[in-house]
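Worksheet: the structure to be examined is printed underneath.
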Amino acid sequence: RSQHKEQWMDAMQKELQGLMERGVWNVLRRDQVPEAANILNCHFVYAIKRTMSGAISKWKARLVAEAILRSRKRATLARASSARSSSSAR
């Protein structure tokens, strides 16, 4: 495991706290979620910010929704696929 576990845990906690303070979401139990709701998977993206001299200035963690990335990728693949189909039909 990372020797910097504490720094990464603090960065994740700050990210989650900031999202909660801004009202980005509410934590719900699974049985409180409406059946028609879309539940998004997410993951953290990590970065180390450095000063000009190279010293670490900040441990940064951002929470990213995976479904948004997948839907963009699907849309791009669908457009590419339909473009190939129409060009081969000529």
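These numbers come from the heavy atoms of this one structure, side chains and all, not from hydrogens, waters or symmetry mates.
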Distance-only donor-acceptor hits, side chain of residues 7-18, under 3.5 Å, sequence neighbours excluded:
residue : atom : partner : partner atom : Å
Glu15   : OE1  : Arg62   : NH1          : 2.5
Glu15   : OE2  : Leu63   : N            : 3.2
Gln17   : NE2  : Glu21   : OE2          : 3.3

Partners passing salt bridge (Lys or Arg N to Asp or Glu O under 4.0 Å) against Arg29 (at least two apart in sequence or in another chain):
Asp31

With sequence neighbours left out, write down each residue that passes side chain to side chain contact (heavy atoms under 4.5 Å, CB included) with Ala36, or none if nothing qualifies.
none

Pair up each side-chain donor or acceptor in residues 44-59 with any protein partner under 3.5 Å, not counting sequence neighbours, and list the distances.
residue : atom : partner : partner atom : Å
Arg50   : NH1  : Gly54   : O            : 2.9
Thr51   : OG1  : Ser53   : N            : 3.4
Thr51   : OG1  : Ser53   : OG           : 3.0
Thr51   : OG1  : Ala55   : N            : 3.3
Thr51   : OG1  : Ala55   : O            : 3.4
Ser57   : OG   : Lys49   : O            : 3.1

